[in-house]
Amino acid sequence: MSATSSSANMMLAIHEKKTTVIDIYHPLRQYISIHYSEREAINLEDDLETLKSQRSEIERTPDPNPSTRRDLLIAYFKSLSQVETRFPISPDNDHISSLFFTWYDAFKPKLKANQQNIHLEKAAVLFNLAAVYSQIGLGSDRGSADGLRVASHAFMSAAGAFAFLRDNAATKASIGSSCTVDLSVECVGMLERLMLAQAQECVFENTIAKGSSPGVCAKVSRQVGLYYEEALAAINVAPLKDHFDKGWISHIQLKAALFYAEACYRYSLELHEKEEIGEEIARLKSGISCLTNVKKSGSKGAAPQLLEAITKLEVNLNRNLERAVKENDRVYLVRVPNPSSLSPLPAFSLVKPMVMTDVLDASKDKMFATLVPDSSAKALSRYTEMVDSIIRTQAEKLQQGSELTRVRLKDMDLPDSILALEGNHILPVDLKEDVEAVQVSGGPTGLEAELQQLKDLRRVNQELLVQTEELLQKESGEDSQFRSQFGTRWTRPQSSTLTKNLQDRLNRFAANLKQAADSDARIERSVRDHYALMSILDRRPIETALPSLAKPIMSLDANEDAIVGVLKQSLRQLETIGAQRAGLEDMLKEMKRKDDILPKLMSSTGSYDDLFRKEISKYDGICQEIARNIDAQEQLLMQIQAQNDQFSAIFNLEDYKASREKCFQQIQAAIAKYREIKENVNEGLKFYITLQDAITNIKQQCSDFVMTRNIQCREMIEDVQRQVAGLNFRDRNSPSSYSGSYTSTAPPQPAETPNVPPPTQPPYYRPPEQAPMYSQPPSPYGAPQQPSPYHVPPGAGAPYPPQHTQHQQPPPPASHEYGQPAYPGWRGSYYNAPAQPQQPGGFPRPPYTAQPPYPPHQSGYYRQQ
């Protein structure tokens, strides 16, 4: 059990400072309305009310719950930090000069400070926060380990609050016209030491409770005494010497002596175990002497419990001293050193002031966030430029490092040469894409099918042309037959005069087909001549066509595998460095994205330069990482260069590169020739398809012409028959018919009337003078549609062909003979012409009405191979 156990509750807590009631709402609102706008003041009404409420709570009697009071003080301090950067409070005319802060001294309540300075308000709030922490520590149940831990943390927080006050607000608050001693740098420094002493004392009590060794307890106890000695030294000098009650000074003095003696007592126990009897006696005498002196000089005004603890410790020291002296006189007989010659007792601190920067950080507080003074905006712009400069410089270093790696590896032909050795050949990206495009389009092998397609299309066009010519020849033959049979009665124009235009066009088409056949022959000859060159494009994958890199047949030391293995390992390391570099670049961008310094600028009360240096320093780590990455890459590239030189010499890499380059050139030449032939084939296909449309179109025109001529033929036959019948009737009614014998003269009948279907309409008589004549040939293909050559004007009687009725003879059905494509394979969009809409009128329009681009040789299909 510790000799100090009777002083378990003998610790000090600090009372809060008192203040007066002030109106903080109206001065701030008026400033916003004047310097910003009334609308802005209305928008910030909630923030102003919150600040007013916090100040009112501070003015009231402290809350009986210290934790609630602590949270209020922290929130109010953050609000004051936001006010400080946005509202200038000072006696100046253009500042808020109607706001006075009044605070009373915590240790001499009759003394007060009154300033037009927000720094006094902030310093007083920090002092009260430290006081509340000390009250939390004093109110903790230190009879348990958890209670001791809570008390120790509370006292360390109090020490941290006093340290923050000393470093950030005490000096600024003392600049005003008046300031109290409790806010001076000397006072808050002394209170910080006192709070640390009480925090270490809690640790000592916990160390004793855990049954730690005497040596450990001695070190912890000695540190408690040192903290109390530092506080005592500060409180015994001006301006604190006459500011505190004697009870405070006596308490601190007795605690310092008590824990020094406690350390001597614990250390002597350890010495006794080591049988160092001489130093044990000297340490015990030193502790007894310290207690005796403090009882004479510092016991006035001290608490009885503390004096009782000193008395008990003194009894223990004397008892152990008497025992040690007897053992030395009887057994050890060693010389006892002078206490003044002893080395200082070892000490070990287990406490430190709590860092309050994060607790009091107002950068995340949104109060008055919309108010951004010009100075803060300019400072933000300046900081952003600094960050952008760092990001830009480091990003350029990373990009240069990546580019340097790419160029150096390309110069060394890595890793392509290693992959080639393993059978994994690599083509340049653009060359591989060209080869893949050729293979997707069918490759050289597919040219045979396309050539066959050209042949089929040429044959189809020829067949269509022959069919069209046969239509005209057949109609012309029939016309000649009827002309010879009926003689002068057959008055319609000859077919040859009507079909001259059509025949000329068919002749041109025939000439085009002959020229196209010559072009096809040149294409086929080019395919045969260059197939050996282009056959490389059919290799799948194309990389199999590349030359291989193999081990040398003869080797002196057979270390090829080791050389390759070392080079591959270096390349993997280089790849790792490159991946790290990419990660560093992403990290830089992420840091810049998250680097929002405006809240810190708005809450900062110090120099912007200091804040900038602190914030910019967070980029130092990644900048150093980038520099190390670049240096490591440079060293590794030098190593790879040496390894690659050895690799190239052993594997004869230069010859391999030459053969590979030759293969690349062969592939490029094959691609060029394939594209040339492919373009010619496509031109041919386009030519034949266009020509087929034109021939089909003229075939339809010829079919229409033949059908019209057949209809005219039937009508003319009927007219001739009626004329012959009329003559015979007149002959029978003449006198000669009765006077002589009757001779029947039947009209000459045609032996055969081929391809003349029976009429489906009543015979229509047309006087010879009204028979339509072909005064001009039919309009050429593609010309605007003219009325049918057989069309009778409305004034001359009923039109022919007759208007569409339900008895109208339908057009002949589509058949192989009248325009049905003879090539059954034309089913894709490449061959099927778009359907033409039915035109209004008496006769359906031919399916092709647009003049194709003729002559076809203008398409470029006929250029020489």
Side-chain angles (χ1 to χ4, degrees), residues 2-4 7 10-14 134 137 152 155-156 158-159 162-163 166 184-205 207-208 216-268 282-303 306-307 309-310 313-314 317 339-353:
S2 171
T4 60
S7 64
M10 293 307 299
M11 291 186 180
L12 298 177
I14 303 168
S134 70
S152 177
F155 286 128
M156 284 191 288
F162 281 125
R166 179 195 64 213
S184 64
V185 174
E186 295 82 3
C187 183
V188 296
M190 183 276 295
L191 294 174
E192 176 198 2
R193 296 291 99 183
L194 177 61
M195 294 298 106
L196 286 177
Q198 296 187 155
Q200 182 82 3
E201 186 176 347
C202 293
V203 175
F204 172 74
E205 292 178 7
T207 304
I208 294 298
V216 173
C217 294
K219 292 178 181 179
V220 176
S221 176
R222 182 63 191 119
Q223 186 61 53
V224 177
L226 289 176
Y227 282 137
Y228 276 117
E229 290 172 10
E230 293 172 359
L232 181 63
I235 204 173
N236 277 329
V237 297
L240 306 182
K241 182 177 181 181
D242 300 325
H243 195 72
F244 286 87
D245 293 337
K246 296 297 181 182
W248 273 70
I249 298 175
S250 297
H251 177 87
I252 295 173
Q253 185 177 5
L254 288 175
K255 280 293 185 87
L258 174 64
F259 281 96
Y260 173 77
E262 182 73 28
C264 291
Y265 173 73
R266 297 290 172 178
Y267 195 65
S268 68
R283 294 293 182 184
L284 290 171
K285 287 181 178 181
S286 178
I288 293 171
S289 174
C290 179
L291 293 179
T292 301
N293 293 333
V294 77
K295 286 170 67 176
K296 292 178 180 179
S297 61
S299 60
K300 185 178 180 181
L306 187 54
L307 293 175
I310 290 176
L313 179 57
E314 189 176 12
L317 288 168
S340 60
S341 65
L342 298 175
S343 61
L345 286 170
F348 184 68
S349 176
L350 294 175
V351 297
K352 62 180 179 179

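Not measured: the values here are computed from a predicted model. For the numbers below, each heavy atom of this structure counts, side chains included, while hydrogens, waters and symmetry mates do not.
Closest approach of L12 and F155 over heavy atoms only: O-CE2, 4.2 Å. When every heavy atom of L317 is checked against every heavy atom of G287, the shortest pair comes out as CD1-C, 3.9 Å. The two residues S343 and R283 make their nearest non-hydrogen contact at O-NH2, 2.8 Å. Of all the heavy atoms in A347 and L226, the pair that sits closest is CB-CD1, 3.7 Å. Between V185 and R166, the closest heavy-atom pair is CG1-CG, 3.8 Å. For A282 against P339, the heavy-atom pair with the smallest separation is O-CG, 4.0 Å.
No side-chain heavy atom of Q223 sits less than 4.5 Å from a side-chain heavy atom of F348. F162 is listed as a side-chain neighbour of I14, based on a closest heavy-atom distance under 4.5 Å.
To the nearest 0.5 Å, the span separating CZ on R193 from OH on Y227 amounts to 6.0 Å. Rounding to the nearest 0.5 angstrom, the gap separating the CD atom in Q253 from the CD atom in E229 is 10.5 Å. The CD1 atom of I252 lies 5.0 Å from the CG atom of L194; values are rounded to the nearest 0.5 Å. Atom-to-atom distance recorded for C217:SG and I208:CD1 is 3.5 Å, nearest 0.5 angstrom. The distance from atom CD of Q200 to atom OG1 of T207, rounded to the nearest 0.5 Å, is 8.0 Å. Distance CG/L313 to CG/L291: 5.0 Å, rounded to 0.5 Å.
Residues meeting the salt bridge (Lys or Arg N to Asp or Glu O under 4.0 Å) test with E314, sequence neighbours left out: K295.
F259 and Y228 have parallel rings, their planes meeting at less than 30° on a 0 to 90° scale where 60° marks the start of perpendicular.
In this structure a side-chain-to-backbone donor-acceptor pair under 3.5 Å is missing from S289 to S286.
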Could you list the donor-acceptor pairs under 3.5 angstrom formed by side chains in residues 233-244, with sequence neighbours left out?
unit_1, atom_1, unit_2, atom_2, d
N236, ND2, L232, O, 3.1
H243, NE2, D105, OD1, 3.1
H243, NE2, D105, OD2, 3.0

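With salt bridges taken as basic N to acidic carboxylate O contacts below 4.0 Å, none links E262 and K255.
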